[in-house]
Student: 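I have a structure I would like to understand better, so I am pasting it below and will then ask my questions one at a time.
Numbering of residues begins at 1 and proceeds along the displayed sequence. Quantities reported herein were computed from a predicted structural model and do not represent experimental measurements.
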Amino acid sequence: MTTIYFVRHCLPDQKWQDDRTRPLTDEGLADSFKLVEILKDKKIDVFVSSPYKRSFDTIKPTADFYGMKIEIDDRLHERKAGKKGNSGPDMFKKRWADFSFAEEDGESIGSVQKRNIEALSEILKKYEDKTIAIGTHGTALSSIINYYEPSFNAESFLKIIDFMPWVLKMTFDGEKYLGREEVFHIYKEFKG
């Protein structure tokens with residue numbers, strides 16, 4: 001059995017313009033050290049992260065605790081926001097109702113899901129029967145859950161939007177999905 005601990009990033013600095021280099025707030029950085037306590041006894045074999053700074057920095061204290069480096073997989077990055085950058089509940093529902101919808105210069109949830117599942121499939125083959133921690137994002141992780149559980153939808157997403165960090169354990173037999181369970185979250189109001 002392969003176990004993956006998906007770790008949605010801690011609270012980021014929403015004033016930071018560049019999505020790729022957006023850092024954690026001081027509060028988010030402090031919360032990243034709480035994850036060490038949550039994950040220190042999970043016998044993690046491998047750490048993989050989105051290339052985005054907030055995801056990498058969220059799992060770094062735990063990787064340091066284990067004395068391991070973090071592999072980067074560019075496909076695990078968050079959905080590219082469009083020019084309008086509308087993040088209200090109506091826009092979330094529109095995106096989830098139509099996986100091909102994207103704002104101008106943005107990315108659809110279908111595209112996010114495709115590249116995240118490609119990355120996850122390779123990770124599951126490469127590290128079969130291992131325990132893996134993956135630094136990720138809210139929409140990226142939600143698209144993965146939806147792939148295995150199509151009932152995970154806009155309403156489900158809106159229930160977890162304020163969880164930063166959010167640790168979700170998923171188990172697999174080879175590439176066969178066995179299930180998920182929430183391990184930990186901290187409520188932080190989403191202001192994106």
Side-chain angles (χ1 to χ4, degrees), residues 2-14 16 19 22-44 46-66 70 73 76-79 81 87-89 91-93 95-96 109 112-113 116-117 119-120 123 131-172 177-192:
T2 305
T3 301
I4 299 183
Y5 290 95
F6 286 98
V7 183
R8 185 207 184 174
H9 60 77
C10 296
L11 188 66
D13 182 352
Q14 292 294 355
W16 195 269
D19 200 32
R22 180 174 297 141
L24 298 175
T25 62
D26 290 343
E27 184 180 0
L29 190 58
D31 287 343
S32 73
F33 285 89
K34 294 176 183 173
L35 293 170
V36 176
E37 288 303 310
I38 301 303
L39 297 171
K40 71 180 184 183
D41 64 344
K42 305 300 186 207
K43 299 182 176 146
I44 297 171
V46 180
F47 288 83
V48 182
S49 180
S50 154
Y52 286 19
K53 181 172 176 51
R54 61 190 180 273
S55 291
F56 184 92
D57 288 353
T58 293
I59 64 170
K60 187 171 186 329
T62 306
D64 289 348
F65 170 83
Y66 278 90
I70 302 171
D73 190 317
L76 296 173
H77 71 81
E78 182 59 300
R79 186 187 72 83
S87 297
M91 183 56 76
F92 289 133
K93 289 175 185 174
R95 289 182 198 126
W96 280 91
I109 291 178
V112 173
Q113 185 180 69
N116 273 267
I117 292 299
L120 179 58
I123 290 166
T131 300
I132 307 147
I134 297 181
T136 188
H137 304 267
T139 302
L141 177 52
S142 294
S143 77
I144 291 169
I145 297 168
N146 170 270
Y147 179 83
Y148 296 106
E149 298 177 28
S151 62
F152 191 97
N153 58 20
E155 295 303 321
S156 310
F157 175 74
L158 289 170
K159 287 178 184 170
I160 62 91
I161 198 166
D162 295 315
F163 295 176
M164 292 179 274
W166 182 36
V167 181
L168 188 72
K169 176 183 176 182
M170 294 178 91
T171 51
F172 297 84
Y177 174 67
L178 300 177
R180 67 178 167 110
E181 67 179 88
E182 182 175 315
V183 176
F184 178 77
H185 76 266
I186 298 176
Y187 180 91
K188 304 284 179 175
E189 187 178 350
F190 176 77
K191 296 178 181 177

Student: Which residue in the set T58, T62, D64, D57 passes side-chain hydrogen bond (donor to acceptor under 3.5 Å, both in side chains) when paired with K60?
Tutor: D64
Student: Between F56 and I59, is any pair of side-chain heavy atoms under 4.5 Å apart?
Tutor: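 No. Closest side-chain heavy atoms not under 4.5 Å.
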Student: Between side-chain atoms of residues 26-36 and protein atoms elsewhere (two or more places apart, or another chain), which donor-acceptor pairs fall under 3.5 Å?
Tutor:
from	atom 1	to	atom 2	distance (Å)
E27	OE2	K188	NZ	2.4
D31	OD1	K34	NZ	3.1
D31	OD2	K188	NZ	3.1
S32	OG	L29	O	2.5

Student: Please round to the nearest 0.5 Å and tell me the distance separating atom OG1 of T139 and atom CG of N146.
Tutor: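 Answer rounded to 0.5 Å: 11.5 Å.
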Student: Check M164 against P12 and note the closest heavy-atom contact, atom names and distance.
Tutor: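 Minimum heavy-atom separation between M164 and P12: SD-CD, 3.8 Å.
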Student: Using side-chain heavy atoms (C-beta onward) and a distance below 4.5 Å, is I4 in contact with L120?
Tutor: yes
Student: May I ask you to test the V183-L168 pair for a side-chain heavy-atom distance under 4.5 Å?
Tutor: no
Student: What pairs meet the salt bridge (charged side-chain N to carboxylate O under 4.0 Å, His left out) rule with one or both residues in residues 152-168, with sequence neighbours excluded?
Tutor: K93-E155
Student: Taking side chain as C-beta onward, heavy atoms only, is E182 less than 4.5 Å from F163?
Tutor: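 Yes; the side chains approach each other to less than 4.5 Å.
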Student: Looking only at heavy atoms, what is the nearest atom pair of S156 and S151, with distance?
Tutor: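 That closest heavy-atom pairing would be OG-O, 3.8 Å.
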Student: Decide yes or no for H9 and Y52: does some side-chain heavy atom of the first lie under 4.5 Å from some side-chain heavy atom of the second?
Tutor: no
Student: Atom CG of L11 and atom CZ of R54: how far apart are they, to the nearest 0.5 Å?
Tutor: 11.0 Å
Student: Would you indicate whether Y147, at its atom OH, is surrounded by more than 12 heavy atoms from other residues, nucleotides or ligands within a distance under 6.0 Å?
Tutor: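 Open: at most 12 neighbouring heavy atoms sit under 6.0 Å from OH of Y147.
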Student: Which heavy-atom pair separates W166 from I145 by the least distance, and what is that distance?
Tutor: CH2-CD1, 3.7 Å
Student: For V112 versus S143, what's the shortest heavy-atom pair and its separation?
Tutor: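 The pair with the smallest heavy-atom distance is CG1-OG, 3.8 Å.
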Student: Hey, are the side chains of V7 and L39 touching, using non-hydrogen atoms and a 4.5 Å cut-off?
Tutor: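 Counting from C-beta outward, V7 and L39 do come under 4.5 Å.
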Student: Check R79 with D19, please: is the shortest side-chain N to carboxylate O separation under 4.0 Å?
Tutor: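 No salt bridge links D19 with R79.
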